[in-house]
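Counting starts at 1 for both ligands and their atoms, in listed order. Predicted model only: the values in this text are computed from it and were never measured.
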Amino acid sequence: MKEVLEELERRRAEARLGGGQARIDAQHKRGKLTARERITLLMDESSFEEFDMYVEHRCADFGMERTKIPGDGVVTGWGTINGRVVYVFAKDFTVFGGSLSEAHARKIMKIQDMALQNRAPIIGLFDAGGARIQEGVAALGGYGEVFLRNVLASGVIPQISVIMGPCAGGDVYSPAMTDFIFMVKDTSYMFVTGPDVVKTVTNETVTAEELGGARVHTTKSSIADHAYENDVETLLQMRRLMDFLPSNNRSGVPELPTKDPAERAEPSLDTLIPDNPNKPYDIKELILKVVDEGDFFEIQEAFARNIVTGFARMEGRTIGIVANQPMVLAGVLDSDASRKGARFVRFCDCFEIPIITFVDVPGFLPGTAQEYGGLIKHGAKLLFAFSEATVPKVTVITRKAYGGAYDVMSSKHIRGDVNYAWPTAEIAVMGPKGAAEILYRADLSDPTKIAARIKEYQDRFANPFTAAERGYIDEVILPRNTRRRICRALNMLRHKTVENPWKKHDNIPL
Ligand code: HXC
């Protein structure tokens with residue numbers, strides 16, 4: 001018996017060493033943790049149970065039959081994060097550069113199948129060199145089956161990808177089909193083809209960082225939802241994120257204890273809106289003052305900053321926030337902001353997360369760049385997403401709600417459940433100046449006359465009451481009471497039941 005136990009320990013120790021001490025040291029030297037160290041930080045203490053530790057590849061080409069390493073480049077299993085079950089796979093860069101073989105793919109598939117069957121989230125930690133070159137088409141087949149499982153699980157369980165090293169070739173498309181992608185600054189990069197191929201095909205000279213580093217993907221391409229300073233911070237933030245997310249699309253949102261009273265008034269909000277309607281203010285101040293304990297997990301903070309998206313809680317229960325940001329481009333909706341908002345709204349709707357929308361939007365951004373770039377279809381994505389969403393939707397118009405953007409931003413007309421306005425709200429087809437200049441073109445040469453026309457339009461529409469008279473706004477509320485009003489609305493909507501007409505799936509303007 002003793003020998004059997006010793007043999008087990010020996011085999012475990014061998015597997016845990018992955019590609020060997022020298023490669024582990026090299027990993028550390030680059031500022032990266034190993035796959036198992038990462039999992040230890042991500043999961044609750046001693047909760048991780050590893051599967052398939054002894055799996056080896058079956059490749060016999062290029063001398064591979066002589067190089068077998070237990071685990072085959074990926075650590076898989078399950079554990080808990082703050083007590084809730086989560087499945088995880090972590091690429092082990094010390095073993096064949098974390099590259100994907102057929103056996104490696106099967107390990108990931110097993111975990112994907114278990115996560116879906118047991119309706120629990122799955123997190124993938126990426127640090128890998130793509131398809132195992134020695135395996136050829138077997139690796140491609142493995143990727144295909146992983147991708148398929150990503151698609152089938154989409155909208156059923158949260159799928160999170162964390163890029164913690166190279167992520168190239170076949171490795172990029174699994175993350176791309178998950179709900180969120182996070183990166184580590186300076187040590188991670190993601191691209192379909194690397195700098196060498198780019199040089200050959202397009203003759204561009206770029207570094208890996210310039211081509212697919214965290215800065216590029218959080219600010220330019222919007223592939224990544226956020227980037228953190230190092231492995232430790234990233235993994236701790238993933239634990240924080242998981243506390244906001246439901247386990248699956250039917251579980252309901254998690255409920256955490258909170259000491260923040262639902263009744264809490266915030267008098268400083270009464271003076272948040274500047275007297276000058278063209279002066280910006282920071283919408284994040286409103287968000288932080290309204291949500292539980294000022295705890296806001298922002299998604300895509302560095303991209304399309306004219307719209308703010310992220311998770312928070314009200315009375316301990318997760319909500320999604322979508323808010324125009326007057327500090328950036330006056331909060332206008334452009335193509336990027338529309339896409340960003342739409343994707344976030346759809347995530348919330350998939351997972352039954354109520355959506356709170358703060359509106360201060362002067363309209364859609366005019367110009368050839370936007371029109372040529374497909375603003376019509378991108379704007380339609382946000383309109384489509386809000387319209388199809390059946391989760392509780394509470395909207396607060398703080399200032400401008402002009403034009404089509406008024407309709408788009410979770411208005412009553414597209415099934416906003418409770419639509420509030422602050423007394424400072426202006427709900428109109430456009431701003432008073434623009435409106436008067438179109439309606440009274442003949443008066444343009446006379447500054448006194450046009451000023452009077454602007455004032456006339458302002459008096460008529462630069463308030464919430466014209467909309468409230470029609471029932472487009474349910475109530476005009478005091479800014480200080482915004483938290484209390486939202487909490488009450490969410491409680492009232494707790495058992496909301498709305499079903500869209502049966503369809504195979506919709507045809508959102510992609
Ligand atoms: C097999 C690989 C590998 C791979 C790396 N290794 N990538 N082994 N298949 N794809 C091995 C290396 O041989 C090396 O082994 C170890 O991993 C570490 O790699 P290094 O090159 O020494 O590390 P580094 O300098 O940090 O460079 C990392 C890297 C580079 C940028 C990821 O290894 C690289 O460019 N790899 C190839 C990337 C690639 O082209 N992949 C195929 C993409 S095609 P030793 O034994 O020396 O430690 C693809 C198509 C799928 O994925 C499409 C599906 C849709």
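The protein non-hydrogen atom at the shortest distance from atom 6 (N) of ligand 1 is Phe96 O, 3.7 Å. Given atom 10 (N) of ligand 1, the protein heavy atom at minimum distance is Ala131 O, 2.8 Å. For atom 45 (P) of ligand 1, the nearest non-hydrogen atom of the protein is Arg23 NH2, 3.6 Å.
In this structure, Phe191 falls outside the shell of residues with a heavy atom less than 4.0 angstrom from ligand 1. At a 4.0 Å cut-off, not a single heavy atom of Tyr173 sits close enough to ligand 1 to count as contact.
Between Phe358 and Val308 the shortest side-chain heavy-atom distance does not fall below 4.5 Å. Glu210 is not listed as a side-chain neighbour of Val216, based on a closest heavy-atom distance of 4.5 Å or more. Using a 4.5 Å heavy-atom threshold, the side chains of Thr390 and Asp349 count as touching.
Where the criterion is an N or O separation shorter than 3.5 Å, residue side chain and backbone included, Phe93 fails it with respect to ligand 1. Considering backbone and side-chain atoms together, Gly97 places an N or O closer than 3.5 Å to an N or O of ligand 1.
Counting heavy atoms of neighbouring residues, nucleotides and ligands inside a 6.0 Å radius, atom NZ of Lys284 exceeds 12 of them.
For ligand 1, the atoms closer than 4.0 angstrom to any heavy atom of Gly170 are 49 (C), 50 (C), 51 (C), 52 (O), 53 (C), 54 (C). Near Arg132, meaning under 4.0 Å from any of its heavy atoms, are these atoms of ligand 1: 1 (C), 9 (N). Of all the atoms in ligand 1, the ones that sit under 4.0 Å from a non-hydrogen atom of Tyr189 are 31 (C). Near Arg30, meaning under 4.0 Å from any of its heavy atoms, are these atoms of ligand 1: 24 (P), 25 (O), 26 (O). Close approach to Phe147 involves these atoms of ligand 1, each under 4.0 Å from a residue heavy atom: 55 (C). With ligand atoms numbered from 1 in the order given, ligand 1 contributes 1 (C), 9 (N) to contacts under 4.0 Å with heavy atoms of Gln134.
Distance screen at 4.0 Å: atom 8 (N) of ligand 1 has a protein heavy-atom neighbour inside the cut-off. For atom 54 (C) of ligand 1, the nearest protein heavy atom lies closer than 4.0 Å. Within a 4.0 Å radius of atom 26 (O) of ligand 1, the protein contributes at least one heavy atom. Inside a 4.0 Å radius of atom 31 (C) of ligand 1 there is at least one protein heavy atom. By the definition of a contact as any protein heavy atom under 4.0 Å away, atom 14 (C) of ligand 1 is not in contact. In this structure, atom 23 (O) of ligand 1 has protein heavy atoms in its sub-4.0 angstrom surroundings. Within a 4.0 Å radius of atom 34 (C) of ligand 1, the protein contributes no non-hydrogen atoms. Using a 4.0 Å threshold on non-hydrogen atoms, atom 48 (O) of ligand 1 counts as touching the protein.
How far CG of Leu42 is from CG of Leu125: 6.0 Å, rounded to the nearest 0.5 Å. Going from atom CG of Asp336 over to atom CD of Gln300 covers 9.5 Å, rounded to the nearest 0.5 Å. Taking CZ of Arg149 as the reference point, atom CG of Asp113 lies at 4.5 Å (rounded to 0.5 Å).
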With side-chain contact (heavy atoms from CB on, under 4.5 Å) as the criterion, how do Lys340 and Thr309 come out once you've worked through the C-alpha distance, each side chain's angles and the decisive distance to 0.1 Å? CA-CA 8 Å; Lys340 169 178 164 180; Thr309 54; 3.5 Å; yes
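Between Phe347 and Phe311, the angle of the ring planes goes over 60°, which puts this pair in the perpendicular group of the 30/60° scheme. Note on ring orientation: taking the six-membered ring where Trp is involved, the planes of Tyr87 and Trp78 are tilted (angle from 30° to 60°).
Residue Phe89 is tested with Ile39, Asp52, Ile122, Ile123 for a side chain to side chain contact (heavy atoms under 4.5 Å, CB included); the sole match is Ile122.
When non-hydrogen atoms are compared, ligand 1 lies under 4.0 Å from neither the backbone nor the side chain of Leu100. Heavy atoms of Ser99 found under 4.0 angstrom from ligand 1 belong exclusively to the side chain.
Taking the six-membered ring for Trp, His226 and Phe180 have ring centres at least 6.0 Å apart.
A cation-pi arrangement is absent between Arg23 and Phe93, since the terminal nitrogen or guanidinium carbon is not both under 6.0 Å from the aromatic centre and inside a 45° cone about the axis. In this structure, Arg313 is positioned above the aromatic face of Phe244, its NZ or CZ under 6.0 Å from the six-membered ring centre and within 45° of the axis.
The closest non-hydrogen atom to atom 41 (N) of ligand 1, taken over Gly169, Gly20, Gly129, Gly130, comes from Gly129.
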